[in-house]
Amino acid sequence: MAIALPIPGLGQVTILVAEGDLVTFECPQINDQADSLLQLRPGSLIRVTCPSGGQVLCVYLTNFADLNLINIIEQILDLSIENVVPETEITTIIASGVEE
């Protein structure tokens, strides 16, 4: 299950809460019609940005069910953002792995 929340200073962030959760991001400016897979590790916050300006912010929180809204926002704001530029028209982001 993916949940989208507005986070102050970041805008809308899609939160993946279980291994295998997916988010699909489309960037029509890229000519490669393939679908690439991007694995999102627990506690990681990524921003996938299309050259034409569209973007999606995603985080994988394994402890989502144990947090209240304030804790979720604080936890997200404490993370560093990894910026990713897609190489294919469709990028599928999947929650994967365990915390390191």
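Each residue takes its place number in the sequence, starting with 1.
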### Task
Any chance you could measure Glu74, atom CD, to Leu69, atom CG, to the nearest 0.5 Å?
10.0 Å
### Message
As an exercise, state the distance from OG1 of Thr91 to CD1 of Ile94, rounded to the nearest 0.5 Å.
### Response
13.5 Å
### Query
How about Leu61 and Ile76: do any of their side-chain heavy atoms sit closer than 4.5 Å?
yes
### Query
Are side-chain heavy atoms of Gln75 and Val59 found at a separation under 4.5 Å?
no
### Task
Could you list the residues that satisfy side chain to side chain contact (heavy atoms under 4.5 Å, CB included) with Ala18, not counting sequence neighbours?
Asp21
## Note on the structure
Here the pair of heavy atoms bringing Gln12 nearest to Ala4 is NE2-CB, 3.4 Å
### Task
Please name all residues satisfying side-chain hydrogen bond (donor to acceptor under 3.5 Å, both in side chains) with Thr24, sequence neighbours left out, ordered by chain then number.
none
### Task
Check the side chains of Thr92 and Asp35 for a donor-acceptor pair under 3.5 angstrom, ignoring hydrogens and angles.
yes
### Task
Search all heavy atoms of Phe64 against all heavy atoms of Ile72 and return the closest pair with its distance.
CE1-CD1, 3.3 Å
### Task
Specify the closest pair of heavy atoms between Leu67 and Asn71, including all atoms of both residues, with the distance to one decimal.
CD2-CB, 3.8 Å
### Query
Are Ile46 and Ile3 connected in the hydrophobic side-chain network, where two residues link if heavy atoms are under 4.5 Å apart?
no
### Message
For the backbone of Glu19 and the side chain of Tyr60, can you confirm whether one donor and one acceptor N or O come within less than 3.5 Å of each other?
### Response
yes
#### Entry: Under 3.5 Å: donor-acceptor pair, side chain of Arg47, backbone of Val56
no
### Task
State, yes or no, whether a side-chain contact exists between Val13 and Leu5 at a heavy-atom distance under 4.5 Å.
no
### Task
Starting at CG of Leu45, measure out to CG of Asp78 and round the result to the nearest 0.5 Å.
11.0 Å
### Query
Any disulfide (SG to SG under 2.5 Å) pairs touching residues 42-97, not counting sequence neighbours?
Cys27-Cys50
### Message
To the nearest 0.5 Å, what is the distance between OG1 on Thr62 and CG on Leu16?
### Response
11.5 Å
### Query
Does any non-hydrogen side-chain atom of Leu10 lie less than 4.5 Å from one of Ile81?
yes
#### Entry: Minimum-distance pair of heavy atoms, taken over all atoms of Gly54 and Phe25
O-CZ, 3.6 Å
### Task
Determine, using the 4.5 Å side-chain heavy-atom cutoff (strictly less than), whether Met1 and Leu57 are members of one ILVMFWY cluster.
yes
### Value rounded to 0.5 Å, distance of CG in Leu22 from CG in Leu40
11.0 Å
### Message
How close do Thr49 and Pro86 get, counting heavy atoms only, and between which atoms?
### Response
O-CD, 3.0 Å
#### Entry: CD1-CD1 distance between Ile7 and Ile73, expressed to the nearest 0.5 angstrom
5.0 Å
### Summary
Between Glu26 and Ile90, the two heavy atoms sitting closest are CG-CG1, 4.1 Å
